[in-house]
Amino acid sequence: MKKLDKERVLLAVAAPVLALAAAFVLTALVLLATGKEPFNAFGIMFDYGMKADSQVYILNKATTYYLAGLAVAIGFRMNLFNIGVDGQYRLAAFFAAVVGGALGLPGLVQIPLILLVGMLVGAMWASIAGLLKVYRGVSEVISTIMLNSLSGIVISYLLVDGRLADLDKQTNIVATDPLPSSSHFFTIPAGGDLDPIWGFIVVAALAGVGFWFLLGRTRFGFDLRAVGRSESAAQASGVNVKRMVLTSMVLSGAMAGLIGMPTLLNDTHQFTSDFPTGIGFTGIAIALLGRNNPVGIALAAVLWGFLERGANRLEFEGYDKEIVGVMQGVIVLCVVIAYELVRRYGLKRQQQRVGAELAAQARADKPQGTDKTETEVPA
């Protein structure tokens, strides 16, 4: 049994390791093809990423990316592709900023209220795709992509001077009302003159624990994974598949509603037209690389933050900043290929073990003396 557990762990680790190794090799070949020195570029990224200020930057970025990865992974666990995480999180952050800017309650009430608004908006927006899939059979991929565009239109319509935003004539920036100081989330000092670490990293860690417990230690998580493996088998065992699909989309949207909170509560303290975009799509790559596991997603989020930090330095050293984008894209491609190869190898090994166990059991059950080719006859 111990041998089986060790092999499963090795197979789980093998896929991301192979994917990363292949991604770095392919990126090195791209750099060589453009006349650049790959090892020097990797060395620059590593040295710059290990600096104290870079580590703070990476942790703050990883906090947002981690929540995005969790939001996507909830759907992935039951074969739902919530491509609309980006629209859900931006719409949630916008309305959370509007509500937070309009109130001046004590922090113990104000901050939970902002978080609740964000989660509710994200859940409600994601539930539209869930309802369309359950009752109309619309693919969640198509509906969530369309909802991404629709959320951008809603924000563009409301983020206008005189509606739910104001124009700063000095900077010519349109933004929601600033959050009161009671809404500012705590920070963790990093020492010296370094920027502080966003305190929302604690909330992200708690979200990861909740993700692990809900999906791995509850009946709901078992039913969710069962539906992901086989809807017909789950339905035959008494699971309400439609309810599970809708619930999973709602949970994924609620988690997406937290993605913009680190930026809103720890950094900008208001929603502007240049609020970060594309984080939802980054969450897809991070969830794939982390194998939908909260620990793996955390490591993938840190890696993504490290790569983005290194991209900023490469540009100053004469390298194309886009090389990191190439590396990220290659990582996603290699992850898909590596996981499929490892899955097939694991399936083959499992079949071999089952065959060997059946053969051993057959030999043990075989009566003694029956393996003789001839039966002795008395003279």
TODO: Using atom types as modelled and distance alone, determine if a side-chain donor or acceptor of N60 lies under 3.5 Å from a backbone N or O of W198.
DONE: yes
TODO: Please check if any side-chain donor atom of T176 sits under 3.5 Å from a side-chain acceptor atom of Q270, or the reverse.
DONE: no
Task: The single option from Y89, F95, F94 passing ring pair (Phe, Tyr, Trp, His ring centres under 6.0 Å) against F271 - done: F94
- [ ] Find the distance between OH (Y57) and OH (Y48) and round it off to the nearest 0.5 Å.
- [x] 9.0 Å
Task: Interatomic spacing from CG in L31 to CG in N40 - rounded to 0.5 Å - done: 10.0 Å
- [ ] Could you walk me through whether R219 and D223 pass salt bridge (Lys or Arg N to Asp or Glu O under 4.0 Å), step by step?
- [x] CA-CA 6 Å; R219 174 60 185 271; D223 291 344; 3.0 Å; yes
- [ ] Verify whether one side chain among E308 and Y65 offers a donor that lies under 3.5 Å from an acceptor in the other.
- [x] yes
TODO: May I ask you to check whether over 12 heavy atoms, not counting those of L108, lie within 6.0 Å of atom CG?
DONE: no
TODO: Specify whether H269 and H184 have parallel, tilted or perpendicular ring planes, treating 30° as the upper limit for parallel and 60° as the lower limit for perpendicular.
DONE: parallel
Open item on the list: For S252 and N82, which I'm curious about, is there any donor-acceptor pair between the side chains at under 3.5 Å?
Closed with: yes
TODO: For Q235 and N240, test the side chains for any donor-to-acceptor distance below 3.5 angstrom and give the result as yes or no.
DONE: no
TODO: Mind telling me whether F39 and F42 have parallel, tilted or perpendicular rings, with 30° and 60° as the class edges?
DONE: perpendicular
